[in-house]
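Just so it is clear: chains get the letters A, B, ... in the order the sequence lines come, proteins before strands, and each one is counted from 1.
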There are 2 protein chains.
Amino acid sequence: MIRLSKLADYGIVIMTHMARGRARQHATHDIAEATQVPAAMASKILKTLVRTGLLASNRGANGGYVMTRDPAMITVAEVVEALEGPIALTSCTEEGETDCGIEQLCPTRTNWQRINDAIRTALAEISIGEMATAIPSAFMVEDDNSDHQVSRPPMAKLA
Amino acid sequence: MIRLSKLADYGIVIMTHMARGRARQHATHDIAEATQVPAAMASKILKTLVRTGLLASNRGANGGYVMTRDPAMITVAEVVEALEGPIALTSCTEEGETDCGIEQLCPTRTNWQRINDAIRTALAEISIGEMATAIPSAFMVEDDNSDHQVSRPPMAKLA
DNA sequence: TTCAAATTGGACCGAATTGGTTCTATTTGT
DNA sequence: ACAAATAGAACCAATTCGGTCCAATTTGAA
């Protein structure tokens, strides 16, 4: 059912939390507590987020993690890709998989590209900054079209 | 890495093939052969596509499967949902999961909705009909912005 | 200088999901 | 009556995933 791995899921939650927090620097422990993400898990995620450059770390006592960029400049797509690798919906678009055997009927290939692009774009259009803006009170900050938080679409289960 | 299950992957390939084929009715065997999808697998997929109403079946000798709708009227999203259930990126949006524990910091919830919507929309904007139109010769049919098949974006592996 | 608080990196494991097969029943044309 | 199809379900191996744990390193402070 096309779902994000928990890793990416948590990742976004964590980044969102860090973006919202007034404190610049956050220690793993605090983040875990605040987000309810299991500490070990949070740690793992934070580490890889550092590796991919979305976070910076200060080691040693009083250490912690800091965002390297303005949350508004970090897209959800980036976080997802940082944690689960490139967003590619189908195996046929994966690197090195040139020999899918069905080359002839594979105009589809290019269309798959379209699908991938579409999704990536969708994910790239939402920033962590936006995610961090509190919604219940409904203050959309730097957002233009304001229908999304109202519509809770049926989400069509099957047909 | 956010990927479609092989089920949905194959599903789209199969639907695309059926849309392209001049023959109205297709038998499992032929479909499997043409698409390179393992026969048993194809069979399984076809069955569920019938159950969800995207295909109709004729049983018995000379039987086979038929699309119930104009391919242009069937979206990729439908096929995906038919095969892997509702498109919901994160567990927190799944039905009945109201007790995510972190209700307070969960303005995020509504933002997840946005993400889900974005993706679903992306997938809903591409029809099987479009998928079926041959691309290599680059005849974009009912499409407006024509940069997607040209741009093979870096697909940013990690950072 | 020594200790404690942090991050780092990796190995590791159980469980769930996935991709795929197989078998039996049923339907239908010839 | 037989063969060609679909229907439906159970079943299995293997990968992936969510999660934990541990040893190493860095750094501030007593």
Side-chain angles (χ1 to χ4, degrees), chain A residues 1-14 18 23-33 35-68 80 83-85 88-92 94, chain B residues 1-14 18 23-33 35-68 80 83-85 88-92 94:
Chain A
M1 61 175 143
I2 269 205
R3 61 177 227 295
L4 225 49
S5 69
K6 274 275 187 343
L7 226 74
D9 186 340
Y10 290 163
I12 299 189
V13 170
I14 288 177
M18 291 183 70
R24 286 260 173 52
Q25 191 178 235
H26 306 254
T28 310
H29 178 67
D30 304 343
I31 294 179
E33 192 167 9
T35 59
Q36 295 286 76
V37 174
M41 195 85 273
S43 169
K44 185 198 253 180
I45 293 171
L46 289 165
K47 289 179 216 167
T48 79
L49 285 179
V50 167
R51 259 180 258 133
T52 57
L54 263 53
L55 294 181
S57 63
N58 296 315
R59 307 180 58 163
N62 296 338
Y65 296 92
V66 196
M67 306 190 83
T68 54
V80 171
L83 292 168
E84 16 189 61
L89 271 210
T90 183
S91 44
C92 117
E94 276 165 17
Chain B
M1 60 174 144
I2 269 209
R3 61 176 228 295
L4 225 49
S5 68
K6 275 275 186 350
L7 226 73
D9 186 340
Y10 289 163
I12 300 188
V13 171
I14 289 178
M18 292 184 69
R24 287 261 173 51
Q25 192 179 236
H26 306 254
T28 310
H29 179 66
D30 304 343
I31 294 178
E33 192 168 9
T35 58
Q36 296 286 76
V37 174
M41 195 85 272
S43 169
K44 185 199 251 180
I45 292 171
L46 289 164
K47 290 177 212 168
T48 80
L49 285 179
V50 167
R51 259 181 256 131
T52 57
L54 263 52
L55 293 182
S57 63
N58 295 316
R59 306 180 58 164
N62 296 337
Y65 296 92
V66 196
M67 306 191 83
T68 55
V80 172
L83 292 168
E84 17 189 60
L89 272 211
T90 182
S91 45
C92 118
E94 277 166 17

List the atom of Leu83(B), the atom of Gly11(B), and the distance in Å for their closest heavy-atom pair. CD1-CA, 3.6 Å
Nearest whole angstrom, please: distance from the C1' of dG19(D) to the CD1 of Ile14(A). 13 Å
Could you check how far CG of Leu83(B) sits from P of dT17(C), rounded to whole Å? 18 Å
Closest-nucleotide 5' rank along DNA chain C - winner of Asn62(B) and His29(A): His29(A)
What is the distance from CG of Asp30(B) to P of dA4(D), rounded to the nearest Å? 13 Å
Could you state the atom-to-atom distance from CG of Asp9(A) to P of dC17(D) in whole Å? 14 Å
Ile14(A) vs His26(A) side-chain heavy atoms within contact, under 4.5 Å: no
Closest contact, heavy atoms only, Met18(B) versus Tyr65(B): CE-O, 3.5 Å
With a 4.0 Å cut-off on heavy atoms, is Thr28(B) in touch with a base, just the backbone sugar-phosphate, or nothing at all? sugar-phosphate
Heavy-atom nearest nucleotide on DNA chain C taken for Ala61(B) and for Ser43(A); more 5' hit belongs to Ser43(A)
Is there a donor and acceptor pair closer than 3.5 Å between the side chain of Lys44(B) and the base of dG20(C)? yes
Could you tell me whether the side chain of Lys6(A) has a donor or acceptor atom within less than 3.5 Å of a complementary atom in the base of dG19(D)? no
Indicate yes or no: at least one non-hydrogen side-chain atom of Thr48(B) is less than 4.5 angstrom from one of Arg51(B). yes
When every non-hydrogen atom of Leu49(B) is compared with those of Thr52(B), the smallest separation belongs to O-OG1, 3.1 Å
Closest to side chain of Met41(B), choosing from dA7(D), dC21(D), dG19(C): dG19(C)
Does a side-chain N or O of Tyr10(B) approach OP1 or OP2 of dG20(C) to a distance below 4.0 Å, or not? yes
Where the side chain of Ala40(B) is defined as all heavy atoms beyond and including C-beta, which of dT30(C), dT21(C), dT8(C) is the nearest nucleotide? dT21(C)
Side chain of Ser5(A), heavy atoms from C-beta onward: which of dG18(D), dA9(D), dT8(C) has the nearest atom to it? dG18(D)
Distance-minimising heavy-atom pair for Val66(A) and Gln25(A): CG2-CG, 4.1 Å
Compare side-chain N and O positions of Ser57(A) against OP1 and OP2 of dA6(C) and report whether any pair is under 4.0 Å apart. no
Rounded distance (Å) that lies between atom C1' of dT17(C) and atom CG of Leu7(B): 12 Å
Length of the line joining Gln25(B):CD and dT27(C):C1', which is rounded to integer Å: 14 Å
Using whole Å, report how far CD1 of Ile45(B) lies from P of dT18(C). 13 Å
Taking atom types as they are modelled, is there a donor-acceptor pair under 3.5 Å from the base of dT27(D) to the side chain of Arg59(A)? no
With a 4.0 Å cutoff (strictly under), does any side-chain N or O of Asn58(B) reach OP1 or OP2 of dT28(C)? no
Closest to the Lys47(B) side chain: dG9(C), dA9(D), dT8(C)? dA9(D)
Sugar-phosphate only, base, or nothing, as touched by Ala27(B) at under 4.0 Å among non-hydrogen atoms: sugar-phosphate
Nearest whole Å is fine: how far is dG18(D) C1' from Leu4(A) CG? 14 Å
